[in-house]
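The sequence lines fix the lettering, A, B, ..., with proteins before strands; numbering per chain opens at 1. Just so it is clear, the values below take in all heavy atoms, side chains as well, and ignore hydrogens, waters and symmetry mates.
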Amino acid sequence: MPRPSTSPLPSNKAWPEAASLGKKLLSWYRAHKRDLPWRRTKDPYAILVSEAMLQQTRVEVVIPYFERWMERFPDVATLAAAPEDEVLAAFSGLGYYRRARNLKKAAAHIIENHDGVVPRTLKELRALPGVGEYTAGAVASIAFDLPEPAVDGNVRRVLSRIRRIEVDPASRAGASVVRESAHTLLESGHPRDLNQALMELGARVCTPTGSRCGGCPVAAECAAFDVGDVDRFPVKTITSRKRVRMIAQVATIQMNGSVLLVHRQVGQCDGVLEGMWEAPFHLIDPQDNPSDRLLGMVKEWTGQELEMGEMIGSAKHSITYRDVEIRVFSATLKGKPARKLEGKSWVWTPVSSLGTGSPTSSLTKKAVRVATRLKGAGRGSSRRLGTRG
DNA sequence: AACCCGGGGCC
DNA sequence: GGCCCAGGGTT
């Protein structure tokens with residue numbers, strides 16, 4: 001494919017060592033690849049599930065979630081027919097819960113438009129909810145062995161270093177340069193293993209910091225290693241959003257070993273953890289005075305007055321760019337919650353099964369852990385907990 | 001291009 | 001405390 005003359009890289013024919021690079025990557029990968037659950041199958045559905053879970057999430061974290069998921073939703077039809085709450089619950093603690101909703105939507109789409117069979121073309125894959133450029137390429141190559149680039153953070157870093165790409169791969173221009181390089185590399189064949197080899201190298205050898213070039217199978221082919229400035233790549237020009245400090249006031253309302261969770265309706269709750277079942281909480285700026293919004297919230301959901309107790313402990317948490325200090329308050333309802341208003345659902349959930357039935361985030365899990373640890377440990381340890389954070 | 005979405009582990 | 005992770009969607 002012709003390349004614009006303004007490109008910071010020479011044309012692909014000026015990368016004659018691509019084929020030899022591919023060969024070395026392949027033999028290294030085949031000798032050193034980790035035994036991961038999704039590498040034991042070629043089921044396109046399983047590959048799709050793994051790729052969705054792996055978005056912005058480390059391999060080691062995904063493994064148990066993937067295995068539980070495949071047991072509970074073994075195929076497209078099962079997933080398409082499953083209640084959304086169960087699908088979300090399977091992501092409880094994993095984060096980016098939209099991925100779970102999109103997987104279910106994708107399953108419905110596949111039933112509707114492809115007779116329940118995961119499509120093979122890039123275009124059809126891209127049409128699935130939650131499947132972007134990377135995931136489409138990953139499924140096409142890993143499941144179907146098609147020569148499509150799958151450029152994730154690892155591949156961006158590895159190729160930036162090997163070719164000393166001076167453009168930020170996070171920018172549009174840089175992304176296209178990396179993608180072209182990946183495409184050239186795939187011309188040497190074996191896209192399924194080659195794409196995974198690039199990712200595996202980035203995850204295990206060519207790491208963001210402390211890269212182990214001594215153990216790298218392609219150090220001899222790496223331009224940055226040759227020059228000795230590996231750590232300069234990938235170049236970074238785009239700064240991430242500044243993190244902000246926030247406080248979450250959480251009401252833990254307990255009864256008979258259960259906690260009261262409310263359903264966070266879309267557009268009603270600070271824009272985070274929408275659709276999840278959480279202990280009533282709201283986010284406030286550290287400079288603001290604590291408001292009584294929590295009381296109104298619970299009243300609105302359950303029809304009962306809330307009596308806030310003492311702050312019984314705290315924990316740290318993060319939600320995207322927010323660093324949250326969780327402040328846990330014990331609380332009681334003045335009467336029995338009876339109302340079931342439209343879009344204002346609440347539920348008593350056993351502490352022991354948090355996140356397994358109703359989908360619940362790590363924030364609520366942490367808050368409940370603080371509340372129950374205190375209860376079980378007695379007054380002696382409450383001082384210790386209270387001084388944390 | 002910027003901003004949003006969770007959560008955790010590592011330096 | 002910053003960075004980054006087998007990113008995608010929306011604006």
Gap between atoms [atom1] and [atom2], on [X] and [N] respectively (whole Å):
| X | N | atom1 | atom2 | result |
| --- | --- | --- | --- | --- |
| A:Asn154 | C:dC3 | CG | C1' | 14 Å |
| A:Tyr65 | C:dA6 | OH | P | 17 Å |
| A:Arg101 | C:dG9 | CZ | P | 14 Å |
| A:Arg172 | B:dA2 | CZ | P | 11 Å |
| A:Met199 | C:dA6 | CE | P | 9 Å |
| A:Asp231 | C:dC3 | CG | P | 15 Å |
| A:Arg156 | C:dA6 | CZ | P | 11 Å |
| A:Ile238 | C:dC4 | CD1 | C1' | 15 Å |

Decide, yes or no, whether a salt bridge links A:Arg245 with A:Glu325 under the criterion of side-chain N to carboxylate O below 4.0 Å.
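The answer is no: the pair does not qualify as a salt bridge.
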So that I can tick it off, tell me whether A:Glu300 and A:Lys344 are bridged by a salt bridge, with the cut-off set at under 4.0 angstrom between side-chain N and carboxylate O.
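A salt bridge is present here (some side-chain N lies under 4.0 Å from a carboxylate O).
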Contact class for A:Val59 (heavy atom, under 4.0 Å): base, sugar-phosphate, or nothing?
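Base, at least one base heavy atom under 4.0 Å.
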For residues A:Arg99 and A:Asn102, is any side-chain donor paired with an opposing acceptor at under 3.5 Å?
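The answer is no; no qualifying pair exists.
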Does one side chain, of A:Tyr134 or A:Glu51, offer a donor that lies under 3.5 Å from an acceptor on the other?
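Looking only at side-chain atoms, A:Glu51 and A:Tyr134 do form a donor-acceptor pair, the distance falling under 3.5 Å.
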With rounding to the closest Å, how many angstrom separate the P atoms on C:dT10 and B:dG6?
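Taking atom P in both C:dT10 and B:dG6, they lie 15 Å apart.
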How far, in whole Å, is C:dA6 from B:dC4 if one measures between their P atoms?
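Per the computed distance, 24 Å lies between those P atoms.
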Check the angle between the aromatic planes of A:Phe66 and A:Trp38 and answer parallel, tilted or perpendicular using the 30° and 60° thresholds.
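Plane angle over 60°, so perpendicular.
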So, the side chain of A:Thr302 versus the backbone of A:Lys299: is there a donor-acceptor pair under 3.5 Å, distance only?
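Not at all, since once roles are kept as given, no pair shorter than 3.5 Å links the two residues.
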Please indicate whether A:Glu17 has more than 12 foreign heavy atoms, meaning atoms of other residues, nucleotides or ligands, lying under 6.0 Å from its CD.
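Yes, enclosed.
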Would you say CD of A:Glu86 has more than 12 non-hydrogen atoms from neighbouring residues, nucleotides or ligands within 6.0 angstrom?
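Enclosed.
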Counting primed atoms plus P, OP1 and OP2 as sugar-phosphate and everything else as base, spell out the protein contacts along nucleotides 3-11 of chain B at 4.0 Å heavy-atom distance: B, S or - for each nucleotide, 5' to 3'.
-SBBBBB--
Hey, does the side chain of A:Arg157 come within less than 4.0 Å of C:dC5's phosphate (OP1/OP2), counting only N and O?
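A:Arg157 to C:dC5 OP1/OP2: side-chain N or O found under 4.0 Å.
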Under the side-chain hydrogen bond (donor to acceptor under 3.5 Å, both in side chains) test against A:Trp277, which residue among A:Thr349, A:Thr364, A:Thr360, A:Asp85 passes?
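One option only clears the test, and that one is A:Asp85.
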Contact list for DNA chain C against residues 34-44 of chain A - heavy-atom distance below 4.0 Å
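When residues 34-44 of chain A is checked for heavy atoms under 4.0 Å from DNA chain C, the hits, listed by number, are A:Arg34, A:Leu36, A:Trp38, A:Arg39.
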